[in-house]
Trainee: 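One structure, pasted below without further comment.
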Amino acid sequence: MKKAAIMLYPLFSMQEISCTTELFKFFDKEIVTFSAGQEAVKSEDGFTILPDRAFEEFRREEFDCLVLPGIWEPLPVMLDERNIRFLEQFRGDDDLVIASISSSPLLLGKAGLLESKKFTHGVFEEFLDAFPVVPREGVVRTYLVADGNLITAYGGAFREFAAAVGRKVGLDCSETVFSGMAGEAYSEEDFIFHFPPEDMEEAREYWDRCLEKAGRPPLRGGGTVV
């Protein structure tokens with residue numbers, strides 16, 4: 001399975017891609033984060049992230065998708081030409097899945113990746129009037145649009161975005177994998193959880209390694225966690 005690349009920049013929205021990255025983790029799809037110069041970036045909600053690699057270290061053959069989170073203040077990110085140069089290399093690459101949510105289609109537009117594409121976004125119209133970097137004839141006024149290798153979404157459709165991206169890269173997930181729980185009927189048994197029996201041996205071995213690392217006796221030796 002090829003890896004997923006996540007493009008990061010200042011004030012990126014972690015929340016808008018968290019379902020997507022959780023889905024990748026669940027299906028053991030490796031995630032590699034990239035930023036300009038491998039610089040640490042602070043998310044819109046204040047988390048400081050040190051990306052794995054700089055843009056120059058991107059190797060196309062390793063990846064089948066690139067995910068762009070939304071941006072709280074997109075203009076500084078859009079004006080940083082390092083971000084645009086990184087994206088420009090994907091012009092004409094119809095095999096790489098490019099998934100962009102909320103305001104990040106601005107970057108794709110400036111890099112020329114939205115030409116002849118249908119897409120959506122979550123950008124204020126006044127901003128687009130001032131900075132006309134996206135081809136407005138391609139905009140579809142809805143929450144999610146898939147056009148070939150391009151998936152775009154309004155920021156509030158982060159659940160649907162995750163499912164669409166996951167399915168596009170071949171993950172065996174349903175379209176409703178992150179559907180909300182409110183309004184549904186549940187029993188107490190729905191909230192009792194068990195490891196699959198076939199995974200128990202591996203789980204116990206992992207627990208014992210953790211206990212050993214912490215200087216505690218293993219469960220197999222009668223140890224307990226206190």
Trainee: How far apart are the closest heavy atoms of G148 and K168, and which atoms are they?
Mentor: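 Reported closest heavy-atom pair: O-NZ, 3.1 Å.
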Trainee: For atom OH of Y154, is the number of surrounding heavy atoms from other residues, nucleotides or ligands below 6.0 Å larger than 12?
Mentor: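 At most 12 heavy atoms, drawn from other residues, nucleotides or ligands, come within 6.0 Å of this atom.
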Trainee: Under 4.5 Å between side-chain heavy atoms, counting indirect links through other Ile/Leu/Val/Met/Phe/Trp/Tyr residues: same cluster for F47 and L11 or not?
Mentor: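 The answer is no; the residues belong to distinct hydrophobic clusters.
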Trainee: Using the test salt bridge (Lys or Arg N to Asp or Glu O under 4.0 Å), find all partners of D80 that sit at least two apart in sequence or belong to another chain.
Mentor: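 Partners of D80 under the salt bridge (Lys or Arg N to Asp or Glu O under 4.0 Å) test: R82.
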Trainee: With the side chain counted from C-beta on, respond yes when L79 and P76 share a heavy-atom pair under 4.5 Å apart, and no when they do not.
Mentor: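 No, side chains not in contact.
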Trainee: Between CZ of F24 and SG of C173, what distance do you get to the nearest 0.5 Å?
Mentor: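 The CZ atom of F24 sits 9.5 Å away from the SG atom of C173.
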Trainee: Could you go through the side-chain contact (heavy atoms from CB on, under 4.5 Å) check for Y9 and L68 one step at a time?
Mentor: CA-CA 9 Å; Y9 21 70; L68 286 75; 3.5 Å; yes
Trainee: Applying salt bridge (Lys or Arg N to Asp or Glu O under 4.0 Å), which residue pairs with at least one partner in residues 86-106 are found, sequence neighbours left out?
Mentor: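 Checked against salt bridge (Lys or Arg N to Asp or Glu O under 4.0 Å) - neighbours excluded - the pairs reaching residues 86-106 are R60-D93, E88-R91.
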Trainee: First locate atom OG1 of T152, then atom CG of L144, and finally report the distance between them rounded to the nearest 0.5 Å.
Mentor: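 With rounding to 0.5 Å, OG1 (T152) is 7.0 Å from CG (L144).
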Trainee: Among residues two or more places apart or on two chains, list those pairs meeting side chain to side chain donor-acceptor pair (under 3.5 Å) that have a residue in residues 122-142.
Mentor: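 Sorted result for residues 122-142: E125-R136, E125-R141, D129-R136.
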Trainee: Please indicate whether Y186 has more than 12 foreign heavy atoms, meaning atoms of other residues, nucleotides or ligands, lying under 6.0 Å from its OH.
Mentor: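 Yes, enclosed.
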Trainee: Can you run down the salt bridge (Lys or Arg N to Asp or Glu O under 4.0 Å) pairs that involve residues 173-191, sequence neighbours left out, and say none if there aren't any?
Mentor: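 Salt bridge (Lys or Arg N to Asp or Glu O under 4.0 Å) check on residues 173-191 returns R167-E175.
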Trainee: Report the C-alpha separation of V139 and L128 in whole Å, then their side-chain angles, then the decisive distance to 0.1 Å, and conclude whether the side-chain contact (heavy atoms from CB on, under 4.5 Å) test is met.
Mentor: CA-CA 12 Å; V139 176; L128 294 177; 5.9 Å; no
Trainee: Could you list who else is in V145's hydrophobic cluster, with ILVMFWY side chains joined at under 4.5 Å, directly or through other members?
Mentor: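 Result for V145 is V140.
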Trainee: Tell me, please, which residues at least two apart from K3 pass salt bridge (Lys or Arg N to Asp or Glu O under 4.0 Å).
Mentor: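 Salt bridge (Lys or Arg N to Asp or Glu O under 4.0 Å) check on K3 returns E62.
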Trainee: Scan for ring pair (Phe, Tyr, Trp, His ring centres under 6.0 Å) pairs involving residues 69-127, sequence neighbours excluded, and state none if there are none.
Mentor: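 Qualifying pairs: F55-F86, F58-F86, F58-F90, F86-F90, F127-F131.
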Trainee: By the definition side-chain contact (heavy atoms from CB on, under 4.5 Å), identify the one residue from T33, I17, L66 that meets it with M7.
Mentor: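 The residue from T33, I17, L66 that satisfies side-chain contact (heavy atoms from CB on, under 4.5 Å) with M7 turns out to be L66.
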Trainee: List the residues meeting side-chain contact (heavy atoms from CB on, under 4.5 Å) with P196, not counting sequence neighbours, and say none if there are none.
Mentor: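 For P196, the residues satisfying side-chain contact (heavy atoms from CB on, under 4.5 Å) (neighbours in sequence not counted) are E198, D199.
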Trainee: Which heavy atom in I31 sits nearest to a heavy atom in I6, and how many Å separate them?
Mentor: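 Answer, listing the atom of I31 first, then I6: CG2-CG1, 3.5 Å.
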Trainee: Salt bridge (Lys or Arg N to Asp or Glu O under 4.0 Å): which pairs involve residues 12-35, sequence neighbours left out?
Mentor: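 Residue pairs passing salt bridge (Lys or Arg N to Asp or Glu O under 4.0 Å), neighbours aside: K29-D64.
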Trainee: Could you state the interatomic distance from CG (L114) to CG (L108), rounded to the nearest 0.5 Å?
Mentor: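 Rounded to the nearest 0.5 Å, the CG-CG separation comes out at 5.0 Å.
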Trainee: Quick one: CD1 on I98 to SG on C65, what's the gap to the nearest 0.5 Å?
Mentor: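 If I round to the nearest 0.5 Å, the distance is 10.0 Å.
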Trainee: Just how far is it from atom OG1 of T120 to atom CD1 of I151, taken to the nearest 0.5 Å?
Mentor: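 Here the interatomic distance stands at 13.5 Å.
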Trainee: Is there a chain of hydrophobic side chains (I, L, V, M, F, W, Y, each step under 4.5 Å between heavy atoms) that links F63 to M1?
Mentor: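 Yes.
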Trainee: Which heavy atom in S102 sits nearest to a heavy atom in V123, and how many Å separate them?
Mentor: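 Shortest heavy-atom contact: O-CG2, 4.2 Å.
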Trainee: Applying side-chain contact (heavy atoms from CB on, under 4.5 Å), run through D172 and F27 and close with a yes or a no.
Mentor: CA-CA 8 Å; D172 186 18; F27 283 94; 4.3 Å; yes
Trainee: I need the minimum non-hydrogen distance between L106 and P74, along with the two atoms involved.
Mentor: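 Of all heavy-atom pairs spanning L106 and P74, the closest is CD1-CB, 3.7 Å.
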Trainee: Considering all heavy atoms of both residues, which atom of A40 and which atom of T48 are nearest to each other, and what is their separation?
Mentor: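 Taking A40 first and T48 second, the nearest heavy atoms are CB-CG2, 4.2 Å.
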Trainee: If you measure from CG on L8 to CD1 on I71, what distance do you get to the nearest 0.5 Å?
Mentor: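 It is 11.0 Å, given to the nearest 0.5 Å.
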Trainee: Are the side chains of V77 and F12 in contact, using a 4.5 Å heavy-atom criterion?
Mentor: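 The answer is no, as the side chains (C-beta and beyond) never meet within the 4.5 Å cut-off.
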Trainee: Is a donor on one side and an acceptor on the other found under 3.5 Å between the side chain of Q38 and the backbone of P51?
Mentor: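 Confirmed, Q38 side chain pairs with P51 backbone.
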Trainee: Output a table of donor-acceptor pairs, distance under 3.5 Å, between side-chain atoms of residues 200-207 and any protein atom two or more places apart or on a different chain; print 'none' if there are none.
Mentor:
unit_1	atom_1	unit_2	atom_2	d
E201	OE2	R220	NH2	3.4

Trainee: Please identify each residue that fulfils side-chain hydrogen bond (donor to acceptor under 3.5 Å, both in side chains) with T21, with sequence neighbours left out.
Mentor: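 In terms of side-chain hydrogen bond (donor to acceptor under 3.5 Å, both in side chains), with neighbours along the sequence ignored, T21 is linked to no residue.
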Trainee: If you look at every heavy atom in A36 and N83, which pair is closest and at what distance?
Mentor: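 Looking at all heavy atoms of both residues, the closest pair is CB-OD1, 4.4 Å.
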Trainee: Suppose the criterion is side chain to side chain donor-acceptor pair (under 3.5 Å): which pairs have a residue in residues 103-118, not counting sequence neighbours?
Mentor: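 Passing the test, one end in residues 103-118: E81-K110, S100-S104, K117-N149.
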Trainee: Checking Y143 side chain against F161 main chain: does a donor-acceptor pair fall under 3.5 Å?
Mentor: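 Flag not set: sc Y143 to bb F161 has no pair under 3.5 Å.
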Trainee: Is atom CZ of F26 surrounded by more than 12 heavy atoms (other residues, nucleotides or ligands) closer than 6.0 Å?
Mentor: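 No, the 6.0 Å shell around CZ holds no more than 12 heavy atoms from other groups.
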